[in-house]
> 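Here's a structure for you.
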Amino acid sequence: MKRIFAVILSALIFVLSLCSCEEAEPEVKKEILISPDEFMAQMEEKVVGFTPSLATEMDMSVDYGTIEKVSYYSETLEKDRNVNVLLPAGYTKKKKYPVLYVLHGYWGNEDSMVYGNDHTIENVGNGILAGEVKEMIVVFPYIYTSKEQDEVTAMDDYNNQAYDNFINDLVNDLMPFIEKEYSVATGRENTAITGFSMGGRESLYIGFTRPDLFGYVGAVCPAPGTSPGLIAEEDFTFENSEYQPWLLMITAGGNDGVVGTVPYGYNDILNNNDVTHIWQVIEHGGHDQSTVTPHMYNFLRMIFWAE
C-alpha cells in the first residue's frame, strides 16, 4: 500500500511540475545592438566639417519644442539647482524619449548652451523635422558644483574641483530628477552626454568614469585635466570595463586660442590606448560656436541610432 501511495505521489508531483513550467513566463531576449566599433565606422563616414545653413536657420513655421527652466534639489550640495530642459515638439507622456545632457564651459551656466550663438535648439528641431535626429529630451544643467559658493570666482584648483564634482550631482540628483519628472527612456543606449570646453573635460571624465550610464559621449574643444589629471593616461580606456560607448567623439578647433592643442593630446592618448573613437578637426574653428555648432550637428545625428 505504501508503495502504491509513493507512486501516486511521485506522479502528482511530476504533473504539478509540468503545470508550473507551462505557466512560467517565457524568457525575454535582450536586443543585441550593433557593436561600438562597427557603429563608429559607419558614423565616421557621415561626419561633415561644416553645418548646412538649413540646420541652424530658425523657421517660424517649425515647432522647435518647449524649453522649461525648472529646479531640483541637490542632495550633493544641499540646495536647489536650476536646469533647462528642451522637450521635443509634440512631447507626450505616452512616449519614452532618449536624453542628451549638454554641458557648458567655464564661467557659463544652464543658459549658455541654450541662448548662445551655437544654434543647438534649431539644430535639434530642424534635424528631427528632417528625420535625421531622433526625438529626444535635451538637458542643459548648471555644472558648477560647490557647496560653499554658487558661482565660479576664478580659474584655479578650487573652482576646477567644483566643476569636477558635477559627476556626483548629475548621477545622484539630476538624472533621477529627470527620470522622475519626464517620460524618459532609460538605459545607456538611451543616454548621451557632450560638452564644450570645461564641459568637454567633464563629459569625458563622466563618460569614462560611468560608461555604464552613458552610451554616447562627446566633447568639443575639451579643456585640459581629464587625462592626464582626473584619469591616468593608462586608465583612459574602456579595456577593463564591460561597457564601451557606441559613440565617442572629440572635436577640436584648428584655430582654438584657448585650449590650443589639448584636444589633440586626448586624441593621442586614445590612439595609444587603442580606444575606438571619432576625431574631428574644424580647420578654421575657434573656441566658440564656429567649432561647437558643427560638433553638435554631427553628434546629434549620430546618437541613439545604434540599433
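Computed from a prediction, not measured in an experiment: that's the story for all the values here.
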> Between Ser35 and Glu38 (side chain of the first, backbone of the second, donor and acceptor by atom type, cut-off under 3.5 Å), is there such a pair?
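Yes.
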> What I want to check is whether the side chains of Asn84 and Asp111 have a donor and an acceptor closer together than 3.5 Å.
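Yes, a side-chain donor-acceptor pair sits under 3.5 Å.
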> Between Ser112 and His104, is there a side-chain donor-acceptor contact under 3.5 Å, judged purely by atom types and distance?
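Result is no, nothing qualifies.
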> Donor-acceptor pair, Tyr97 side chain versus Thr92 backbone, under 3.5 Å?
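Yes: the side chain of Tyr97 pairs with the backbone of Thr92.
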> Have a look at Tyr144 and tell me which of Asn159, Asn165, Thr153 forms a side-chain hydrogen bond (donor to acceptor under 3.5 Å, both in side chains) with it.
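The option that passes is Asn159.
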> List the atom of Phe238, the atom of Pro211, and the distance in Å for their closest heavy-atom pair.
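Smallest heavy-atom distance, with atoms named: CE2-CB, 3.9 Å.
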> Where the side chain of Thr291 meets the backbone of Gly286, is there a donor-acceptor pair that is under 3.5 Å apart?
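Confirmed, Thr291 side chain pairs with Gly286 backbone.
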> So, do Glu233 and Asn273 sit near enough that their side-chain heavy atoms are less than 4.5 Å apart?
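Side chain of Glu233 against side chain of Asn273, heavy atoms only: no contact under 4.5 Å found.
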> After noting the C-alpha distance and the side-chain angles of Gln149 and Ser146, does the key distance pass the side chain to side chain donor-acceptor pair (under 3.5 Å) rule?
CA-CA 6 Å; Gln149 54 193 41; Ser146 167; 5.1 Å; no
> For Lys95, does its backbone N or O pair with a side-chain atom of Ser183 as donor and acceptor, under 3.5 Å?
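Such a contact is found between Ser183 side chain and Lys95 backbone.
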> Given side chains that start at C-beta, do those of Ile193 and Leu100 come closer than 4.5 Å, heavy atoms only?
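The answer is no; the side chains never approach within 4.5 Å.
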> Using every non-hydrogen atom in the two residues, find where Ile143 and Gly199 come nearest and quote the distance to one decimal.
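For Ile143 and Gly199, the tightest heavy-atom pair comes out as CD1-CA, 3.9 Å.
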> Do the side chains of Asp212 and Arg188 get close enough for a salt bridge, i.e. N-O under 4.0 angstrom?
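Not counted as a salt bridge, because no side-chain N and carboxylate O are separated by less than 4.0 Å.
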> Is Glu234 atom CD crowded by more than 12 heavy atoms from other residues, nucleotides or ligands, each under 6.0 Å away?
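For Glu234, atom CD is crowded (more than 12 foreign heavy atoms under 6.0 Å).
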> Let's go through Ile121 and Phe140 carefully: what are the C-alpha distance in whole Å and the side-chain angles of both, what is the deciding distance for side-chain contact (heavy atoms from CB on, under 4.5 Å) to 0.1 Å, and is it a yes or a no?
CA-CA 11 Å; Ile121 306 302; Phe140 302 88; 4.3 Å; yes
> Verify the distance criterion only: is there a donor paired with an acceptor across the side chains of Ser61 and Asp59 at less than 3.5 Å?
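A pair is found: one side chain offers a donor N or O, the other an acceptor, under 3.5 Å apart.
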> Is it the case that the side chain of Asp235 and the backbone of Ile231 share a donor-acceptor pair, with hydrogens and angles ignored and the cut-off at 3.5 Å?
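The answer is no, because no donor-acceptor pair under 3.5 Å joins these two groups.
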> Are any of the side-chain heavy atoms of Gln280 and Asn298 separated by less than 4.5 Å?
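Yes, side chains in contact.
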> Under a 3.5 Å threshold, yes or no: a donor from one side chain and an acceptor from the other, between Asp169 and Tyr142?
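There is no such pair between these side chains.
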> Can a salt bridge be assigned to the pair Lys79 and Glu148 using a cut-off of 4.0 Å between side-chain N and carboxylate O?
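A salt bridge is absent here (no side-chain N lies under 4.0 Å from a carboxylate O).
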> Give a yes-or-no answer on whether the side chains of Tyr101 and Glu202 include a donor-acceptor pair shorter than 3.5 Å.
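Not at all, the side chains of Tyr101 and Glu202 share no donor-acceptor pair under 3.5 Å.
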> Okay, side chain of Asp256, backbone of Ala252: is any donor-acceptor separation there less than 3.5 Å?
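No.
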> Show, in sequence, the C-alpha distance, side-chain angles and deciding distance for Thr251 and His295, and conclude whether the side chain to side chain donor-acceptor pair (under 3.5 Å) test is met.
CA-CA 6 Å; Thr251 304; His295 169 81; 2.7 Å; yes
> Please answer whether the main-chain N or O of Gly200 pairs with a side-chain N or O of Ser203 as donor and acceptor at a distance below 3.5 Å.
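Here the side-chain-to-backbone pair exists.
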> Taking the side chain as C-beta and beyond, is there a heavy-atom pair between Tyr64 and Asn126 under 4.5 Å?
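Result yes, sub-4.5 Å side-chain heavy-atom pair found.
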> Is a side-chain donor-acceptor pair under 3.5 Å present for Asp173 with Ser74?
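Per modelled atom types, Ser74 and Asp173 side chains form a pair under 3.5 Å.
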> For side-chain contact (heavy atoms from CB on, under 4.5 Å), just list the numbers for Met155 and Trp107, CA-CA rounded to whole Å, side-chain angles, deciding distance to a tenth of an Å, and then say yes or no.
CA-CA 9 Å; Met155 195 172 286; Trp107 308 103; 3.7 Å; yes
> For Glu239, does the CD atom sit with more than 12 other heavy atoms under 6.0 Å from it, leaving out its own atoms?
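Open.
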> Can you name the nearest heavy-atom pair linking Glu189 to Tyr216, along with the distance?
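Scanning both residues completely, I find the closest heavy atoms to be O-CE1, 3.4 Å.
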> Charged N to carboxylate O under 4.0 angstrom, Arg81 versus Glu110?
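So Arg81 does not pair with Glu110 through a salt bridge.
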> Determine the minimum heavy-atom distance between Arg201 and Leu230, stating which atoms define it.
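So the two residues come closest at NE-CD1, 3.9 Å.
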> Examine distances only and state if a side-chain atom of Asn190 and a backbone atom of Val184 form a donor-acceptor pair shorter than 3.5 Å.
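Not at all, since once roles are kept as given, no pair shorter than 3.5 Å links the two residues.
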> Return yes if some donor-acceptor pair links the side-chain N/O of Thr293 with the main-chain N/O of Ser290 below 3.5 Å, else return no.
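It does not hold such a pair.
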> Assess the residue pair Tyr264 and Trp279 against the criterion (ring pair (Phe, Tyr, Trp, His ring centres under 6.0 Å)); give the C-alpha distance rounded to whole Å, side-chain angles, the decisive distance to 0.1 Å, and a yes or no.
CA-CA 9 Å; Tyr264 295 79; Trp279 164 248; 5.1 Å; yes
> Report yes if some heavy atom in the side chain of Ser197 is under 4.5 Å from a heavy atom in the side chain of Val220; otherwise report no.
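Side-chain contact under 4.5 Å: no.
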> Apply the test salt bridge (charged side-chain N to carboxylate O under 4.0 Å, His left out) to residues Lys147 and Glu75: give CA-CA distance (whole Å), side-chain angles for both, the deciding distance (0.1 Å), then the verdict.
CA-CA 10 Å; Lys147 274 189 176 182; Glu75 295 285 353; over 6 Å; no
> Are the side chains of Phe39 and Pro36 in contact, using a 4.5 Å heavy-atom criterion?
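A side-chain contact under 4.5 Å is absent here.
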> Would a 4.5 Å heavy-atom cut-off, applied to side chains only, mark Thr276 and Gln244 as touching?
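Thr276 reaches Gln244 side chain to side chain.
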> For Tyr243, which fellow cluster members are found when Ile, Leu, Val, Met, Phe, Trp and Tyr are connected by side-chain heavy-atom distances below 4.5 angstrom, either directly or through intermediates?
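Taking Ile, Leu, Val, Met, Phe, Trp and Tyr as members, Tyr243 stands alone, with no cluster partners.
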> Run the side-chain contact (heavy atoms from CB on, under 4.5 Å) check on Val171 and Arg210 step by step: do they pass?
CA-CA 9 Å; Val171 173; Arg210 295 303 306 268; 3.6 Å; yes
> Taking all non-hydrogen atoms of both residues into account, name the closest pair between Glu68 and Tyr182 and its distance.
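For Glu68 and Tyr182, the tightest heavy-atom pair comes out as OE1-OH, 2.8 Å.
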> Between Leu86 and Val114, does the side-chain contact (heavy atoms from CB on, under 4.5 Å) criterion hold? Intermediate values first, please.
CA-CA 9 Å; Leu86 172 62; Val114 178; over 6 Å; no
> So which atom in Ala219 and which in Thr194 form the shortest heavy-atom distance, rounded to 0.1 Å?
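For Ala219 and Thr194, the tightest heavy-atom pair comes out as N-OG1, 3.5 Å.
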> Answer yes or no: is there a donor N or O on one side and an acceptor on the other, between the side chain of Tyr205 and the main chain of Ile167, under 3.5 Å?
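Absent.
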> Regarding Ser71 and Asp80, is there a side-chain donor-to-acceptor distance under 3.5 Å anywhere?
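Note: Ser71 and Asp80 side chains miss the donor-acceptor criterion.
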> Could you check Phe196 against His287 for ring pair (Phe, Tyr, Trp, His ring centres under 6.0 Å), going step by step and ending with a plain yes or no?
CA-CA 9 Å; Phe196 165 63; His287 198 76; 4.8 Å; yes
> When you compare the side chain of Val102 with that of Val139, does any pair of heavy atoms fall below 4.5 Å?
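Side-chain contact under 4.5 Å: no.
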> Through direct or indirect side-chain contacts below 4.5 angstrom among Ile, Leu, Val, Met, Phe, Trp and Tyr, which residues connect to Val48?
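Its cluster mates, by chain and number, are Phe50, Tyr297.
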